[in-house]
Protein chains: 2
Amino acid sequence: MPSDAHALALAVARLNRRMRRERRSELTPTQLSVLGAVALLGPATPGAIAAHEQVKPPSVTRILNQLTETGYISRLPDPEDGRQVLVEISAGGHLWLQQERKRRDAWLHEQLQKLHGEERDLLRAAAPVLKRLAEAE
Amino acid sequence: MPSDAHALALAVARLNRRMRRERRSELTPTQLSVLGAVALLGPATPGAIAAHEQVKPPSVTRILNQLTETGYISRLPDPEDGRQVLVEISAGGHLWLQQERKRRDAWLHEQLQKLHGEERDLLRAAAPVLKRLAEAE
DNA sequence: TATTGTTATACTCTATAACTATA
DNA sequence: TATAGTTATAGAGTATAACAATA
């Protein structure tokens, strides 16, 4: 039933827009996401970060420039391949990441608390399926 | 558990990005969404459309201008209040809307087909809850 | 004076194409 | 010649502030 797809597409688009409006952070959602990727992947190349974030390298370059200005990350030359760059999160970046994630998710967390237990369980189960869809093909 | 919120926020943001990349339409997702709102709300003011789409009036004005150029909608003066404008979908706009919705949701529909029946049921149940969250507060 | 819609302006996020340096 | 990253440029989407017309 295509209407299932329609309903889900609509709901995801709307909720995404709603969440963006709730930002209570100095970092934009995208900056936060990239900072998280840098933390997760360890010293990683911009190319690897772009692949993980499912965006093109120029988009990552721009965000890395912003994060470098704040001192949350640093770029190091790759000793083995002069074309590559390794990106690392700083100690301050790590601390910031934790604080900002809490703030970013605060609104959604509040909303989830208002749901019935059943509905919360439903969304908890749905989240990994949605994530898998996002990573498809 | 805030990590529930985090997992869900991440999944929604990623899937939204993924869906946007799959556009196979002449209309952008936002244009399509506004066109759908005009169809749903019938002759409606830009203000009402903005409220329904959860965006500010200037954003709607811009999109209405684009849709007017294509002939999918038309603006009429409100006979009772000269400050207001009524926006209507045209016959061609209606036809286009149906075709474009199918195209827009085609990718997600394919992905849903690949899931197990249980997972599809899960997402079918989750969609209205997600939509409700998006409309909260 | 308040409301509706529009215009002006700016910022975020993303992409493609062109360029630089290295392999 | 191919690859990694960056720079240049453009387009989509959104917001706030200022403005015009009408109530």
Side-chain angles (χ1 to χ4, degrees), chain A residues 13-35 37-38 41 43-70 73-87 104 134, chain B residues 13-14 16-23 25-35 37-38 43-70 73-88 104 134:
Chain A
R14 285 276 162 81
L15 183 52
N16 188 65
R17 189 148 64 193
R18 186 73 188 77
M19 288 192 305
R20 284 200 163 240
R21 227 172 65 205
E22 279 303 324
R23 148 161 57 121
R24 298 169 190 173
S25 164
E26 281 182 32
L27 296 177
T28 66
T30 308
Q31 289 172 337
L32 197 52
S33 187
V34 168
L35 186 60
V38 174
L41 302 175
T45 64
I49 296 165
H52 182 263
E53 292 293 297
Q54 299 188 305
V55 295
K56 300 297 177 187
S59 303
V60 164
T61 292
R62 211 191 89 261
I63 297 162
L64 292 179
N65 289 341
Q66 298 163 345
L67 292 174
T68 302
E69 278 180 24
T70 65
I73 64 165
S74 52
R75 278 189 255 221
L76 311 167
D78 183 323
E80 296 182 358
D81 186 337
R83 295 171 304 182
Q84 298 194 158
V85 171
L86 292 174
V87 184
R104 186 198 59 176
Chain B
R14 285 277 162 82
N16 187 63
R17 191 150 62 193
R18 187 73 187 79
M19 288 192 305
R20 287 201 160 239
R21 229 171 62 204
E22 278 304 322
R23 147 160 58 122
S25 165
E26 280 182 33
L27 296 176
T28 66
T30 307
Q31 289 172 338
L32 197 52
S33 187
V34 168
L35 185 61
V38 174
T45 63
I49 296 165
H52 182 263
E53 292 292 298
Q54 300 189 304
V55 295
K56 300 297 175 186
S59 304
V60 164
T61 292
R62 213 190 88 261
I63 296 161
L64 292 179
N65 288 342
Q66 298 163 347
L67 292 174
T68 302
E69 279 179 24
T70 64
I73 64 165
S74 52
R75 279 188 253 220
L76 311 167
D78 184 323
E80 296 183 356
D81 187 337
R83 295 171 302 183
Q84 297 194 157
V85 171
L86 292 174
V87 183
E88 249 185 358
R104 186 199 59 175

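In what follows, every chain begins at residue 1, and chains take the letters A, B, ... in the order their sequences are listed.
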Looking at C:dT20, I'd like to know if its phosphate oxygens (OP1 or OP2) sit under 4.0 Å from a side-chain N or O belonging to A:R83. no

Does B:T45 make a side-chain N or O approach to OP1 or OP2 of C:dT4 shorter than 4.0 Å? no

Quick one: list whatever passes side-chain contact (heavy atoms from CB on, under 4.5 Å) with A:R20, sequence neighbours left out. A:N16, A:P29, A:T30

[X] has an atom [atom1]; how far is it from atom [atom2] of [N], in whole Å?
X	N	atom1	atom2	answer
A:L27	C:dC13	CG	C1'	15 Å
B:N16	D:dT14	CG	C1'	14 Å
B:D78	C:dT4	CG	P	11 Å
A:L67	C:dT12	CG	C1'	14 Å
B:K56	C:dT6	NZ	P	16 Å
B:I73	C:dG5	CD1	P	13 Å
B:R20	C:dA15	CZ	C1'	14 Å

Applying a 4.0 Å non-hydrogen cut-off, can you work out what A:R62 is touching in the nucleic acid: base, sugar-phosphate, or nothing?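 Base: the residue A:R62, judged by heavy atoms under 4.0 Å, touches a nucleobase.
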
Assign A:R17 to base, sugar-phosphate, or nothing according to its heavy-atom contacts below 4.0 angstrom with the strands shown.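 Here A:R17 touches the backbone only, sparing every base.
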
Nucleotide of [options] approaching [X] most closely (side-chain heavy atoms):
X	options	answer
B:T28	C:dA2, C:dT6, D:dA12	D:dA12
A:R21	D:dA15, C:dT6, D:dG13	D:dA15
B:T61	C:dT4, C:dC13, C:dG5	C:dG5
A:N65	C:dT6, D:dT7, D:dA4	D:dT7
A:S59	C:dA15, D:dG5, C:dT22	C:dA15
A:P58	D:dA21, D:dT7, D:dA12	D:dT7
A:Q31	D:dT7, D:dA15, C:dC13	C:dC13
B:P46	D:dA2, D:dT16, C:dG5	C:dG5
B:V55	D:dA4, D:dA15, C:dA15	D:dA15
A:T30	D:dG5, D:dT22, C:dT14	C:dT14

Closest nucleotide of DNA chain C for A:Q54 versus for A:D81: which of these residues is on the 5' side?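 Closer to the 5' end of DNA chain C: A:Q54.
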
Less than 4.0 angstrom from a charged side-chain N to a carboxylate O is my criterion; do A:E53 and B:R14 meet it? yes

Does B:Q66 or B:E80 map to a spot on DNA chain D nearer the 5' end, using the closest nucleotide for each?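 With B:Q66 and B:E80 compared, the 5'-side residue is B:Q66.
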
When you match A:A44 and B:I63 each to their closest nucleotide on DNA chain D, which lands nearer the 5' end?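 Nearest-nucleotide comparison on DNA chain D picks A:A44.
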
Do [X] and [Y] have side-chain heavy atoms sitting under 4.5 Å apart?
X	Y	answer
A:L27	A:R104	no
A:R75	A:L67	no
B:Q31	B:V34	no

